[in-house]
Amino acid sequence: MSSVVHKSRKLSLQPNMKMKKLTLAILGILGLLLFQNCDNMEDSDPISQGKIIDVDPSFFITTGLTAPITTVPCTLSNGKSSTCYKIVTNSIPDEHQLGPWCPATITDGKEKGGLWFEGGKIYDVDGAFVKNMGTFYSNSKLLMYKEDGTINVTKSQAACQAAARPNVDPQYQNFCVECQPSYFTGTLSFLIPVTPVQISGTTTDNRMGVRGVAFNGVHFDPPAPTDAILGSFTLAPMDDCGGHVNLASGYHYHAATGCSKEIAQTDGHAPMIGYAMDGFGIFARLDPTGAEPLNLDTCRGHSDEVRGYHYHVAPPGDNNLINCLKGAQGSFSVI
Ligand SMILES: [Zn+2]
Ligand SMILES: [Zn+2]
């Protein structure tokens with residue numbers, strides 16, 4: 001009896017297994033079809049339709065590099081193995097001066113200070129701006145100068161460190177914070193894919209970090225935390241080139257104001273100013289006639305036949321360069 005039951009179970013199992021095999025086969029074919037459809041969808045994407053342009057390492061200013069650019073194996077943010085250019089710099093540009101950031105007195109002109117971003121606008125940080133901050137921000141506690149008109153400015157590496165940290169040392173509240181380039185002695189290493197690889201979707205803020213690198217080896221940073229800076233009763237101006245120094249990664253840009261190396265385009269397009277971390281080019285916002293491209297996507301990118309997919313930076317007052325990345329990014333580290 002038991003053997004009969006066993007047999008009948010065995011018999012009843014066989015059709016199920018056949019069904020399973022058949023189901024697996026159908027699923028496999030469906031999967032293949034779906035996969036091919038995905039490929040087709042990517043083919044219809046505007047980036048894939050345009051050219052993919054390799055990174056050109058000769059665009060970088062050699063004096064901004066601490067070692068010649070090499071190619072190395074790398075793993076991109078999509079988990080895929082690739083080949084990257086390794087670009088090593090000390091983040092000190094030599095085609096423009098650094099600073100000034102903080103004016104010394106409330107009567108100093110705009111040539112003695114840098115820039116500040118507020119509400120999408122850019123402001124000169126001159127003596128009058130610092131004098132007027134309490135009114136400008138409707139907060140009478142914002143008072144960064146003494147009775148004699150001298151502005152409180154950080155004067156040492158220790159002061160810069162204490163004033164720039166998230167929980168600002170109370171003795172540096174109501175200070176204009178400036179850190180000198182000499183305070184940072186590290187080296188920056190960028191791994192950027194030789195050939196950009198489009199990803200499905202985009203990489204946005206919290207997974208992006210550093211946006212890219214200028215041809216002088218200076219990094220394009222995410223937006224400066226201006227609310228947190230002001231909330232701690234400090235001001236950390238950018239210089240007129242949109243950059244300032246922190247102790248973690250040295251001099252970096254929060255805006256592109258036309259100071260760093262630009263590569264002019266022969267067809268009237270805006271000049272190129274660097275590469276994003278995904279290897280797509282970064283271009284100035286405006287073309288030589290002062291016009292901004294109208295067809296930018298959410299990342300501030302678009303494609304054309306000459307440059308393939310590329311980005312155009314936001315206006316300096318936006319405290320932002322590009323919004324997201326369309327390609328798998330390499331990596332950035334301080335060594
Ligand atoms: Zn910054
Ligand atoms: Zn363009």
Side-chain angles (χ1 to χ4, degrees), residues 96-184 218 220-259 285 313-321:
H96 69 76
Q97 74 167 55
L98 280 66
W101 292 278
C102 297
T105 75
I106 55 170
T107 54
D108 276 350
K110 64 179 184 181
E111 73 287 354
K112 298 283 179 61
L115 304 173
W116 186 245
F117 315 129
E118 188 53 58
K121 288 189 184 158
I122 204 156
Y123 292 88
D124 281 311
V125 180
D126 53 12
F129 180 88
V130 176
K131 184 183 178 189
N132 191 45
M133 274 185 73
T135 307
F136 187 71
Y137 283 108
S138 305
N139 187 338
S140 56
K141 288 184 188 165
L142 272 171
L143 190 71
M144 296 190 182
Y145 61 96
K146 299 183 182 72
E147 266 183 31
D148 67 358
T150 309
I151 293 170
N152 305 325
V153 180
T154 54
K155 297 285 187 196
S156 67
Q157 182 168 342
C160 139
Q161 189 158 21
R165 71 188 196 200
N167 55 334
V168 171
D169 185 330
Q171 67 170 308
Y172 291 108
Q173 285 187 351
N174 273 318
F175 263 70
C176 185
V177 183
E178 63 176 33
C179 302
Q180 298 303 321
S182 59
Y183 299 166
F184 175 75
V218 174
F220 292 120
D221 242 31
T226 50
D227 285 351
I229 292 168
L230 288 165
S232 305
F233 298 97
T234 55
L235 186 73
M238 279 33 81
D239 62 17
D240 287 348
C241 293
H244 62 184
V245 176
N246 68 30
L247 297 179
S249 61
Y251 184 77
H252 56 275
Y253 295 123
H254 288 291
T257 62
C259 294
R285 176 180 159 234
V313 292
D318 279 13
N319 180 22
N320 184 33
L321 289 147

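We number each residue from 1, following the sequence as shown.
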Report, one line per pair, each donor and acceptor closer than 3.5 Å where one atom sits in a side chain of residues 99-107; sequence neighbours left out.
residue, atom, partner, partner atom, Å
Trp101, NE1, Gly243, O, 2.8
Thr105, OG1, Thr107, N, 3.3
Thr105, OG1, Thr107, OG1, 3.0
Thr105, OG1, Asp108, N, 3.4
Thr105, OG1, Asp108, OD1, 3.4

Value rounded to 0.5 Å, distance of OH in Tyr145 from CG in Asn174: 10.5 Å
Derivation and outcome, side-chain contact (heavy atoms from CB on, under 4.5 Å), residues Cys259 and Asp240: CA-CA 8 Å; Cys259 294; Asp240 287 348; 5.6 Å; no
Shortest non-hydrogen contact between Ala256 and Leu321, atoms and distance: N-CD2, 3.8 Å
His254 side chain vs Pro222 backbone, donor-acceptor pair below 3.5 Å: yes
Between Glu118 and Tyr137: side-chain donor-acceptor atoms closer than 3.5 Å: yes
Test log, rule side-chain contact (heavy atoms from CB on, under 4.5 Å), inputs Val177 and Leu235: CA-CA 6 Å; Val177 183; Leu235 186 73; over 6 Å; no
Heavy-atom side-chain proximity of Cys241 to Tyr251 below 4.5 angstrom: yes
Main-chain N/O of Glu178 paired with Thr154 side-chain donor or acceptor, under 3.5 Å: yes
Flag side-chain contact, heavy atom, 4.5 Å: Tyr253 against Val313: no
Test item: Asn320 and Phe117 side chains (from C-beta on) under 4.5 Å apart, heavy atoms: no
Closest heavy-atom pair and its distance - Gln161, Leu247: CB-CD1, 3.5 Å
Rounded distance [0.5 Å steps], CD in Gln157 versus SG in Cys179: 8.5 Å
Which atom of Asn167 lies closest to which atom of Arg165, heavy atoms considered: O-NE, 2.5 Å
Asp148 side-chain N/O to Thr150 backbone N/O, donor-acceptor pair under 3.5 Å: yes
Heavy-atom closest pair, residues Val130 and Met144: CG1-CB, 3.9 Å
Spacing of Thr226 atom OG1 and Trp116 atom CH2 [to the nearest 0.5 Å]: 5.5 Å
Worked verdict on Asp239 versus Leu115 for side-chain contact (heavy atoms from CB on, under 4.5 Å): CA-CA 6 Å; Asp239 62 17; Leu115 304 173; over 6 Å; no
His252 and His244 aromatic ring geometry - parallel, tilted or perpendicular at 30°/60° bounds: perpendicular
Euclidean distance, Cys160 SG relative to Tyr172 OH, rounded to 0.5 Å: 10.0 Å
Thr234 (side chain) donor-acceptor with Ile229 (main chain) under 3.5 angstrom: yes
Flag side-chain contact, heavy atom, 4.5 Å: Met238 against Ile122: no
Distance-minimising heavy-atom pair for Asn139 and Phe233: ND2-CE2, 3.8 Å
From Asp124 atom CG to Lys112 atom NZ, the distance as rounded to the nearest 0.5 Å: 14.0 Å
Residues, nucleotides or ligands: over 12 heavy atoms within 6.0 Å of Lys146 NZ: yes
side-chain contact (heavy atoms from CB on, under 4.5 Å) evaluation trace for Met133 with Leu230: CA-CA 10 Å; Met133 274 185 73; Leu230 288 165; 3.8 Å; yes
